[in-house]
Amino acid sequence: MWRLFPDTRRFGAFPWLLIVLTFASGLVDAASFLGLGHVFAANMTGNVVFCGFALAGAAGLSAAGSLTALSAFLLGAAAAGRWRRGGTGVPFRPLVGVQTVLLAAALVAHQAGAGRYPVLVLMGTAMGLQNAVAHRLAVPDLTTTVLTRSLTGLAADHWGAPSLRRLLSALTLLLGALTGALVLLHAGLGWALALAVAVPPVAAAAHLAYERRGGFRPA
């Protein structure tokens, strides 16, 4: 019988927590792409491609918007990396807490009519933090945003536990995007952002509960 995440001594509960954050990625990208002018706040591969399209003169795309989100994402990732170098281990809850604050600030900025660029900066920075956390944890097949390599492995490798992880990651991102799109289309961008704000604290609370039960915390 395959175990989905067999290396619990190394990763503890982090694989499941990254699945929760993958759902948040889908919500955030639905909000940014559908509500802020066809720009991704989590998927930077898409933004790089969009920049090329926009510079070529394609209609409906903004190089400035994509570059704004990309720059903010890199800022968030760099800040998380500097935080990591300042101590030991991965400061999961603090970083997820800052991510939550940034997403909440994006919601407030949107509700205050600040325009799309301040909202994109806050969302992009939040997702840079999240991706830096996933990068440092290095759980196989769980990046929380990028699926191209996971889907390649799903198709090319023999079926096994890695295939299940890749499939779960893809389906979770799809579900997050679907949920975010439905909420945005039927209730508006503000509600989609509010839902995105609510998800990271779930991961932080689950991490705290796991530690209090004596769960392993990777170095």
Subject >> Nearest-0.5 Å distance, OG of residue Ser71 to CG of residue Leu120 >> reply: 11.0 Å

**OP:** Write down the atom of Ala24, the atom of Val199, and the distance for their closest heavy-atom approach.
**Re:** CB-CG1, 3.8 Å

Subject >> Straight-line distance of Leu70 CG to Asn47 CG, nearest 0.5 Å >> reply: 6.5 Å

Subject >> Path from Phe40 to Leu174 over hydrophobic side-chain contacts below 4.5 Å >> reply: no

Original post:
Are Val20 and Val133 grouped together when hydrophobic residues (ILVMFWY) are joined by side-chain heavy atoms under 4.5 angstrom apart?
Top reply: no

**OP:** Quick one: closest heavy-atom pair of Gln111 and Gly190, and the distance?
**Re:** OE1-CA, 3.8 Å

Original post:
How long is the span from the CZ atom in Phe73 to the OG1 atom in Thr68, to the nearest 0.5 Å?
Top reply: 15.0 Å

**OP:** Examine distances only and state if a side-chain atom of Ser169 and a backbone atom of Arg165 form a donor-acceptor pair shorter than 3.5 Å.
**Re:** no

**OP:** Taking only Lys NZ, Arg NE, NH1 and NH2, and the carboxylate oxygens of Asp or Glu, determine whether Asp157 and Arg166 approach each other closer than 4.0 Å.
**Re:** yes

Original post:
Shared ILVMFWY cluster between Leu164 and Phe14, side chains joined below 4.5 angstrom?
Top reply: yes

Subject >> Residue pair Leu61 / Ser66, side-chain heavy-atom distance below 4.5 Å >> reply: no

**OP:** Evaluate side chain to side chain contact (heavy atoms under 4.5 Å, CB included) for Val98 paired with Leu95, printing each intermediate quantity in order.
**Re:** CA-CA 5 Å; Val98 174; Leu95 286 172; 5.5 Å; no

Original post:
Does the side chain to side chain contact (heavy atoms under 4.5 Å, CB included) test come out yes or no for Ser62 and Arg116, once each step is laid out?
Top reply: CA-CA 12 Å; Ser62 168; Arg116 74 167 179 161; 3.0 Å; yes

Original post:
Backbone N or O of Thr22 within a donor-acceptor pair of the Thr144 side chain at under 3.5 Å?
Top reply: no

**OP:** Please lay out, stage by stage, how Leu182 and Leu178 fare under the test side chain to side chain contact (heavy atoms under 4.5 Å, CB included).
**Re:** CA-CA 6 Å; Leu182 288 172; Leu178 174 62; 3.9 Å; yes

Original post:
Is any side-chain heavy atom of Phe23 closer than 4.5 Å to a side-chain heavy atom of Leu175?
Top reply: yes

Subject >> Hphob cluster co-occupancy, Val146 + Met127, side-chain heavy atoms under 4.5 angstrom >> reply: no

Original post:
Taking the inter-plane angle between the rings of Phe92 and His207 on a 0 to 90° scale, is it parallel (under 30°), tilted (30 to 60°) or perpendicular (over 60°)?
Top reply: tilted

Subject >> Audit row: Arg93, Leu208, side chain to side chain contact (heavy atoms under 4.5 Å, CB included) steps and yes/no >> reply: CA-CA 8 Å; Arg93 288 200 304 277; Leu208 177 61; 3.8 Å; yes

Original post:
Of the non-hydrogen atoms in Gly76 and Leu129, which two are nearest, and what is the gap between them?
Top reply: O-CD2, 3.3 Å

Original post:
Just checking, is any N or O donor in the side chain of Asn131 or Thr145 under 3.5 Å from an acceptor N or O on the other one?
Top reply: yes

Original post:
So, His38 side chain and Gly60 main chain: donor-acceptor pair closer than 3.5 Å or not?
Top reply: yes

**OP:** Taking the side chain as every heavy atom from C-beta outward, state whether Leu167 and Trp159 have any pair of such atoms under 4.5 Å apart.
**Re:** yes

Original post:
Short question: side chain of Asp29, backbone of Ala42 - any donor-acceptor pair under 3.5 Å?
Top reply: yes

Original post:
Would a 4.5 Å heavy-atom cut-off, applied to side chains only, mark Pro140 and Phe11 as touching?
Top reply: yes

Subject >> side chain to side chain contact (heavy atoms under 4.5 Å, CB included) partner of Trp16, the single match among Val139, Leu142, Leu168 >> reply: Leu168

Original post:
Should Leu171 and Leu154 be regarded as members of a common hydrophobic cluster, given that ILVMFWY residues are connected when their side-chain heavy atoms come within less than 4.5 Å of each other, either directly or indirectly?
Top reply: yes

Original post:
Taking atom CG of Leu103 and atom CG of Leu195, what is their separation to the nearest 0.5 Å?
Top reply: 11.0 Å

**OP:** Locate the shortest heavy-atom distance separating Thr100 from Pro200; write the atom from each residue and the value.
**Re:** OG1-CB, 3.4 Å

Subject >> Heavy-atom pair with the smallest gap, counting every atom of His110 and Leu193 >> reply: CB-CD1, 3.9 Å

Subject >> Atom pair CG (Leu102) and OG1 (Thr125), whose distance is rounded to the nearest 0.5 Å >> reply: 6.0 Å

**OP:** Report yes if the side chains of Leu36 and Val39 come closer than 4.5 Å at any heavy-atom pair, otherwise no.
**Re:** no

Subject >> Heavy-atom pair of closest approach, residues Gln99 and Ala126 >> reply: CG-O, 3.6 Å

Original post:
To the nearest 0.5 Å, how far apart are CG in Leu67 and SG in Cys51?
Top reply: 4.0 Å

Subject >> Gln130 side chain to Leu21 backbone, donor-acceptor under 3.5 Å >> reply: yes

